[in-house]
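Atoms considered below: every heavy atom in the structure, side chains included; atoms not considered: hydrogens, waters and symmetry mates. Since the structure is predicted, the reported quantities are computational estimates derived from the model, not experimental observations.
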Amino acid sequence: NNRICKNKKKLLYELEYNQLVLGIHGDSVPWGAVRAWTYGYFEKEGQKELTIREWYRDMRRKAAVIVRKYIRPQPWLLLRASQQLQEEECSIGMHIRETDKTLSGGRLRIGINLYLDQLLKLVVKPIYKIGSNFDEYHMKKQYKDTIFYVATDSSKVIDEIMETWPTYIVDRIRTQSSAIRSNSSEAVFVTAAHTHHRTNTEVLVDIYTMSQCSILLHGRSAVSEAVFYTNPDVESIDLDMDVSLTIRQEMQWF
């Protein structure tokens with residue numbers, strides 16, 4: 001309802017490509033741009049006293065204020081996102097970023113087995129029988145009606161989940177069935193099937209659907225972070241951060 005936005009032809013700001021790149025990826029931006037991950041610049045900003053979790057918390061808080069003030073999704077987009085999940089359902093989101101993830105920012109590609117391990121720890125409890133292993137599982141009471149929403153850019157991820165994950169998990173999986181996904185390390189936005197409007201729409205639907213979840217399992221990705229910008233109350237379980245802590249624990253700022 002902002003009066004400025006009613007004139008769609010009015011140009012609010014015009015930024016050149018190099019300005020946008022600096023704003024998103026640069027390590028010395030005077031206006032303190034929000035970043036989806038540290039890009040290795042965490043120490044350069046003189047914030048060694050912060051933990052990496054505190055750094056993300058501050059970025060998300062700043063971004064949430066901006067999103068609330070300026071972002072107005074079209075009603076049809078919100079409707080499409082709401083149709084992915086039923087309002088009465090408790091839901092846990094999983095954003096599994098694959099394809100070209102490791103090309104920037106020192107991020108790690110996380111195997112989906114880690115997502116499954118974390119999910120099982122969260123929602124099921126083993127039932128022990130004398131003379132047997134922990135081979136039977138019951139859903140914890142608070143998660144007995146939980147739906148698991150999976151957003152991913154990889155068709156291989158969906159195939160592996162459906163073929164190898166336990167049936168009692170697979171039966172509760174929801175995803176955008178018609179979404180364009182890559183079957184290689186090539187990102188969706190450079191595949192032949194890609195069109196800007198369709199890809200952008202599908203990503204936004206994923207973001208707004210995951211923002212309805214109570215918990216999000218994720219790695220370092222701008223899409224994952226956008227969920228917290230949209231709804232700061234979603235609980236974050238950052239698998240990328242946990243893997244990074246294990247691999248790079250000698251670094252003093254972790």
Side-chain angles (χ1 to χ4, degrees), residues 1-26 29-39 54-87 91-97 101 104-105 149-153 174-176 178-180 187-189 194-238:
N1 295 322
N2 190 307
R3 61 181 179 81
I4 297 176
C5 297
K6 290 181 180 179
N7 183 359
K8 297 183 179 180
K9 294 182 179 180
K10 184 176 181 180
L11 185 65
L12 299 182
Y13 300 100
E14 184 174 7
L15 298 176
E16 296 179 358
Y17 177 78
N18 288 338
Q19 291 176 301
L20 289 172
V21 170
L22 276 175
I24 297 172
H25 301 285
V29 183
W31 56 85
V34 171
R35 302 194 187 103
W37 56 90
T38 64
Y39 288 97
E54 290 171 334
W55 185 89
Y56 271 101
R57 178 201 63 200
D58 291 348
M59 285 291 163
R60 290 167 183 171
R61 286 177 176 174
K62 183 190 298 184
V65 171
I66 296 170
V67 168
R68 282 196 300 269
K69 186 173 182 180
Y70 295 107
I71 304 299
R72 300 290 186 273
Q74 291 291 328
W76 64 263
L77 180 66
L78 295 177
L79 175 62
R80 183 166 165 181
S82 68
Q83 291 171 340
Q84 305 301 312
L85 300 171
Q86 299 300 318
E87 290 185 3
S91 54
I92 294 175
M94 289 177 281
H95 182 237
I96 306 176
R97 177 75 163 87
K101 181 183 179 185
S104 64
Y149 185 81
V150 177
T152 181
D153 57 349
R174 302 289 183 273
T175 189
Q176 282 195 80
S178 61
I180 297 175
V188 172
F189 53 80
H194 156 74
T195 62
H196 288 296
H197 178 69
R198 179 175 176 179
T199 301
N200 292 343
T201 297
E202 290 171 351
V203 171
L204 286 169
V205 168
D206 276 340
I207 289 170
Y208 280 96
T209 301
M210 290 186 288
S211 72
Q212 301 172 54
C213 297
S214 55
I215 301 171
L216 180 65
L217 279 62
H218 64 98
R220 291 183 189 173
S221 166
V223 172
S224 298
E225 290 304 302
V227 173
F228 304 111
Y229 304 164
T230 305
N231 181 6
D233 293 330
V234 177
E235 180 182 344
S236 166
I237 298 181
D238 188 337

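Side-chain atoms of Thr152 come within 3.5 Å of backbone N or O of Ile96 as a donor-acceptor pair. Judged purely by atom type and a 3.5 angstrom limit, Ser211 has no side-chain atom pairing as donor or acceptor with the backbone of Val227. Checking side-chain atoms of Gln212 against main-chain N and O of Ser91 turns up no donor-acceptor pair under 3.5 Å.
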For this session: I would like to know whether Val34 and Tyr229 meet side-chain contact (heavy atoms from CB on, under 4.5 Å); could you show each step before the answer?
Result: CA-CA 10 Å; Val34 171; Tyr229 304 164; 3.5 Å; yes
Exercise. Between Leu85 and Cys213, does a side-chain contact (heavy atoms from CB on, under 4.5 Å) hold up when you go through it step by step?
Worked result: CA-CA 9 Å; Leu85 300 171; Cys213 297; 4.1 Å; yes
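Residues that satisfy the salt bridge (charged side-chain N to carboxylate O under 4.0 Å, His left out) test with Arg80, not counting sequence neighbours, are absent from this structure.
Side-chain contact between Arg68 and Pro232 is present, with at least one heavy-atom pair separated by less than 4.5 Å. At a threshold of 4.5 Å between non-hydrogen side-chain atoms, the residues Asp58 and Lys62 do not count as touching. Side-chain contact between Phe228 and Met210: absent, with no pair of heavy atoms (C-beta onward) separated by less than 4.5 Å. With a 4.5 Å cut-off on side-chain heavy atoms, Tyr149 and Met94 do not count as touching.
Atoms CG and OG1, on Asp206 and Thr175 in that order, are 6.5 Å from each other to the nearest 0.5 Å. To the nearest 0.5 angstrom, Glu235 atom CD is 9.0 Å from Ile92 atom CD1.
Between Glu225 and the options His95, Arg35, His218, Arg220, a side chain to side chain contact (heavy atoms under 4.5 Å, CB included) holds for only His218.
Heavy atoms only, all atoms of each residue included: Thr201 and Leu77 are closest at O-CD1, 4.1 Å. Contact between Ala226 and Ile207 at its shortest, heavy atoms only, is CB-CD1, 3.7 Å.
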